[in-house]
A.B. asks: 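First the structure, which I've put down as structure tokens, then a few questions once you've had a look.
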Amino acid sequence: MDRVASWWDGFELWLAGLPFVPQVALVLVVMVPLCAGVAWLLDRALAGVLAAVGRREPAASERKTEDC
């Protein structure tokens, strides 16, 4: 565990030492796909839970009639 903590400390110091623009770019390159993946997984999990309890998404034709 000490090796992981030491590596993380080194990475954190390296990231903090970068200028602002590369910091933002690096965080966006990592966080945007990661957050999108987590959101997709949560969406699929929630859809599965709702399907299991009998609440499915309405069909496309049903959604159109409700909107009008």
Side-chain angles (χ1 to χ4, degrees):
M1 196 64 176
D2 288 334
R3 292 186 95 177
V4 173
S6 176
W7 173 83
W8 182 254
D9 287 341
F11 176 76
E12 190 176 29
L13 286 172
W14 172 77
L15 183 62
L18 290 176
F20 179 73
V21 173
Q23 279 184 9
V24 171
L26 187 61
V27 169
L28 287 177
V29 164
V30 172
M31 292 304 293
V32 169
L34 182 67
C35 291
V38 169
W40 181 82
L41 286 173
L42 288 173
D43 179 56
R44 295 292 90 214
L46 184 59
V49 168
L50 291 176
V53 296
R55 293 194 56 178
R56 297 189 181 269
E57 274 190 52
S61 60
E62 293 174 8
R63 279 187 261 165
K64 288 181 182 177
T65 58
E66 291 175 2
D67 292 339
C68 294

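In this text the structure is predicted, and so the values were computed from the model without any measurement.
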A.B. asks: Group every Ile, Leu, Val, Met, Phe, Trp and Tyr by side-chain heavy-atom contacts under 4.5 Å, then state whether V24 and V32 land in the same group.
C.D. replies: yes

A.B. asks: List, one per line, each side-chain donor-acceptor pair under 3.5 Å for residues 1-15, sequence neighbours excluded.
C.D. replies:
none

A.B. asks: Run the ring-ring contact (aromatic ring centres under 6.0 Å, His included) test against W40 and tell me which residues pass, sequence neighbours left out.
C.D. replies: none

A.B. asks: Do the side chains of V49 and L42 join up, straight or via other hydrophobic residues, at under 4.5 Å, putting them in one cluster?
C.D. replies: no

